[in-house]
Amino acid sequence: ADFTKTINGLRISIILPDGTDRYDTDTAAEALDNHKSRPEIEQALNSGVGISKRTSKTTLIKYKYVAKKLTMDGEECVVRLCVPMDNMKGINKNIFLLVFLGITTGVGIALLFAVRYSSEVTTPLKKLSEAATKIAGGEYIQKFDFKTKYEVAELSRNIIQMGQSLDRSITLLHNRN
């Protein structure tokens, strides 16, 4: 009986269909009242599973009860687990903490990827902007090589071709005059 008391205050009972306790981890079974009218026991006997929240008449502690109808050694019974609601609050707090840590970690990883891959787009765009400024200033021949999969590589080729075309056109105009 003592081994379950170390598991977060878990209380286990085995109850026969007539409501008598066959086993309880916290109290001698013969000292307990009949459990047949307890909501979780009635539900388990009628539908196989029962759940309720209430204060125990025996321990005066508020529990969440979960009961399951089983057959053990050919005998029908209900196994009931009771978890103190104070423990449930602790479990909920731990779940919240784990979810919060998971979300925070996910956002952090997403930000790292965003920073890492955004430079693959912004660096070539800065170089393209510089090249376009030089072309606008009369330096028509620009050379740069981008090793990128994005549309930036196509844009850079178009700017280079535009600069070369402008240079040819201006040279032709100068040669005609």
Side-chain angles (χ1 to χ4, degrees), residues 1-129 146-156:
D2 293 340
F3 76 95
T4 53
K5 291 184 181 185
T6 61
I7 308 173
N8 291 325
L10 181 67
R11 181 177 172 202
I12 301 172
S13 303
I14 298 174
I15 300 159
L16 299 176
D18 67 0
T20 57
D21 255 284
R22 178 136 189 214
Y23 174 81
D24 190 283
T25 56
D26 283 5
T27 307
E30 50 282 348
L32 294 169
D33 293 337
N34 189 293
H35 286 62
K36 189 168 185 160
S37 64
R38 307 282 164 84
E40 69 280 357
I41 302 302
E42 285 181 343
Q43 291 171 14
L45 289 171
N46 292 328
S47 63
V49 176
I51 299 173
S52 71
K53 292 179 193 174
R54 59 183 172 75
T55 302
S56 166
K57 292 178 183 176
T58 306
T59 64
L60 302 177
I61 296 172
K62 187 165 181 148
Y63 286 102
K64 179 166 188 172
Y65 294 89
V66 178
K68 172 82 173 127
K69 185 163 95 173
L70 299 173
T71 303
M72 294 173 53
D73 298 327
E75 187 177 20
E76 198 173 83
C77 65
V78 174
V79 175
R80 182 180 70 175
L81 302 177
C82 315
V83 179
M85 291 303 289
D86 289 344
N87 289 15
M88 296 297 288
K89 290 175 187 173
I91 291 168
N92 288 342
K93 193 181 292 185
N94 288 340
I95 290 170
F96 174 78
L97 180 62
L98 289 173
V99 168
F100 177 76
L101 288 174
I103 290 170
T104 304
T105 301
V107 168
I109 289 170
L111 285 173
L112 287 174
F113 276 106
V115 168
R116 161 70 173 91
Y117 290 108
S118 68
S119 66
E120 284 187 23
V121 174
T122 57
T123 300
L125 286 175
K126 286 178 186 174
K127 289 181 181 178
L128 281 174
S129 178
F146 290 109
K147 292 181 173 47
T148 178
K149 297 180 255 184
Y150 303 105
E151 292 80 6
V152 175
E154 186 178 340
L155 181 60
S156 68

### Query
Would you say the side chain of K64 lies within less than 4.5 Å of the side chain of S52, judging by non-hydrogen atoms?
no
### Task
Give, for atom CG of L16 and atom CG of L45, the distance between the pair rounded to the nearest 0.5 Å.
10.0 Å
### Side-chain donor or acceptor of D73 paired with backbone N/O of E75 under 3.5 Å
no
### Query
Hey, what do you get for OH (Y63) to CG (L81), rounding to the nearest 0.5 Å?
12.0 Å
### Message
Determine whether M72 and V79 satisfy the following criterion, side chain to side chain contact (heavy atoms under 4.5 Å, CB included), listing intermediate values before the conclusion.
### Response
CA-CA 10 Å; M72 294 173 53; V79 175; 4.1 Å; yes
### Query
Got H35 and T20 here, is their nearest side-chain heavy-atom distance under 4.5 Å?
no
### Message
So R11 and D24, do their side chains get closer than 4.5 Å, heavy atoms only?
### Response
yes
### Task
Evaluate the side-chain proximity of E40 to I51: yes if any heavy-atom separation is below 4.5 Å, no if none is.
no
### Query
CG of N46 to CD1 of I41: how many Å apart, nearest 0.5 Å?
11.5 Å
### Task
Starting at CG of L32, measure out to OG of S56 and round the result to the nearest 0.5 Å.
8.5 Å
### Query
So do V78 and I14 actually touch side chain to side chain, heavy atoms under 4.5 Å?
no
### Message
With heavy-atom distances below 4.5 Å as the criterion, would you say the side chains of V49 and Q43 are in contact?
### Response
no
### Query
Would you say the side-chain atoms of S47 pair up with the backbone N or O of A44, donor to acceptor, closer than 3.5 Å?
no
### Over-ring placement of R38 relative to Y65, 6.0 Å and 45° cut-offs
no
### Message
Tell me whether T25 contacts the main-chain N or O of I12 through its side chain, where contact means a donor paired with an acceptor under 3.5 Å.
### Response
yes
### Message
Once rounded to the nearest 0.5 Å, what's the spacing between atom CZ of R54 and atom SG of C82?
### Response
7.5 Å
### Message
Quick one, K36 and E42 - any side-chain contact, counting heavy atoms below 4.5 Å?
### Response
no
### Message
Taking I15's backbone N and O only, do any of them form a donor-acceptor pair with S13's side chain (distance below 3.5 Å, no angle check)?
### Response
no
